[in-house]
Amino acid sequence: QVQLVESGGGLVQAGGSLRLSCTASGRTFSDYAMGWFRQAPGKEREVAASISWSGRGTYYADSVKGRFTISRDNAKNTVYLQMNSLKPEDTAVYYCAAHVTPNSERAYYRTDQYEYWGQGTQVTVSS
């Protein structure tokens, strides 16, 4: 089993920045590809960004390219999402997810590819 705990959400004005963190426990962190997903009210959960086990593979949704950066520190069992130039449409609950896939450099972007999910952290961007 894998446990994921997100932190770093909050309220920020448009144009501001936040950094989300997700710390994992329960299994060797470098066995997982990781993803950050988000879900706004009344909308489906969608990927924001994802990263392979080594960090060499990344994927970004078009809506966040150039503004968000995903990274990971395998020594700290933590994945990060740096969010800059935030917009009101970025308002959502952000979820961290893990997909067990040792030795793959793929960054996965579908919700059904991930086995483990955190509880979510709210990000609210005011205009």
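Quick caveat: nothing in here was measured; it's all calculated off a predicted structure.
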Q) Got a sec, which residues hit ring pair (Phe, Tyr, Trp, His ring centres under 6.0 Å) with Tyr114, two or more places apart in sequence or on another chain? A) Phe37

Q: Establish whether Tyr108 and Trp53 are linked, either directly or via other cluster members, by ILVMFWY side-chain heavy-atom contacts under 4.5 Å.
A: no

Q.
If you compare all heavy atoms of Ser17 against all heavy atoms of Asn84, which two are closest, and at what distance to 0.1 Å?
A. OG-OD1, 2.9 Å

Q.
So which atom in Ser104 and which in Thr101 form the shortest heavy-atom distance, rounded to 0.1 Å?
A. CB-OG1, 3.2 Å

Q) At what distance, to the nearest 0.5 angstrom, does OG of Ser126 lie from CD of Gln13? A) 5.0 Å

Q | Closest contact, heavy atoms only, Ala98 versus Met34 | A | CB-SD, 3.7 Å

Q. Measuring from Thr69:OG1 to Met83:CE, what's the distance to the nearest 0.5 Å?
A. 11.0 Å

Q: Indicate whether any N or O donor in one side chain lies under 3.5 Å from an N or O acceptor in the other, for Asn77 and Thr23.
A: no

Q: Taking all heavy atoms of Ser54 and all of Glu105, pick out the closest pair and write down the distance.
A: OG-OE1, 2.6 Å

Q. If every non-hydrogen atom of Tyr94 is compared with every non-hydrogen atom of Ala92, which pair is closest and at what distance?
A. CD1-O, 3.4 Å

Q) To the nearest 0.5 Å, how far apart are OG in Ser21 and CZ in Arg72? A) 13.5 Å

Q) Is it true that Ile51 and Leu4 fall in one hydrophobic cluster, defined by side-chain heavy atoms closer than 4.5 Å? A) yes

Q. Looking at CD of Gln1 and OG of Ser25, how far apart are the two atoms once the value is rounded to the nearest 0.5 Å?
A. 10.5 Å

Q: Grab the two heavy atoms, one from Leu20 and one from Gly9, that are nearest each other, plus how far apart they are.
A: CD2-N, 3.6 Å

**Q.** Trp117-Val79 co-clustered via ILVMFWY side chain contacts under 4.5 Å
**A.** no

Q.
Test of understanding: with side-chain contact (heavy atoms from CB on, under 4.5 Å), list the residues that count as partners of Val125, not counting sequence neighbours.
A. Val12, Ala14, Leu86, Pro88, Asp90, Thr91, Val123

Q) What's the verdict on side-chain contact (heavy atoms from CB on, under 4.5 Å) for Asp73 and Phe29, showing C-alpha distance, side-chain angles and the deciding distance? A) CA-CA 9 Å; Asp73 185 336; Phe29 188 61; over 6 Å; no

Q: Measure the spacing between CZ of Arg106 and OG of Ser50 and express it to the nearest 0.5 Å.
A: 9.5 Å

Q.
List the residues meeting ring pair (Phe, Tyr, Trp, His ring centres under 6.0 Å) with Tyr59, not counting sequence neighbours, and say none if there are none.
A. Tyr109

Q: Kindly state each residue pair satisfying salt bridge (Lys or Arg N to Asp or Glu O under 4.0 Å) with at least one member in residues 75-84, sequence neighbours excluded.
A: none

Q: Under the side-chain hydrogen bond (donor to acceptor under 3.5 Å, both in side chains) rule, collect the residues that match up with Tyr116, sequence neighbours excluded.
A: none

Q) Are Arg19 and Tyr80 in a cation-pi setup, meaning NZ or CZ lies under 6.0 angstrom from the ring centre and within 45 degrees of the ring axis? A) yes

Q. Is there a path from Trp36 to Phe68 through hydrophobic residues (I, L, V, M, F, W, Y) whose side chains come within less than 4.5 Å of each other?
A. yes

Please tabulate, for side-chain N and O atoms in residues 39-47, each donor-acceptor pair with protein atoms closer than 3.5 Å (sequence neighbours left out).
residue, atom, partner, partner atom, Å
Gln39, OE1, Arg45, NE, 3.3
Gln39, OE1, Arg45, NH2, 3.4
Gln39, NE2, Lys43, O, 3.1
Glu46, OE2, Arg38, NE, 3.0

Q. If only atom types and distance count, is the side chain of Arg27 paired as donor or acceptor with the main-chain N or O of Val2 below 3.5 Å?
A. no

Q. Same hydrophobic cluster for Leu18 and Tyr95, using side-chain heavy-atom links shorter than 4.5 Å among ILVMFWY?
A. no

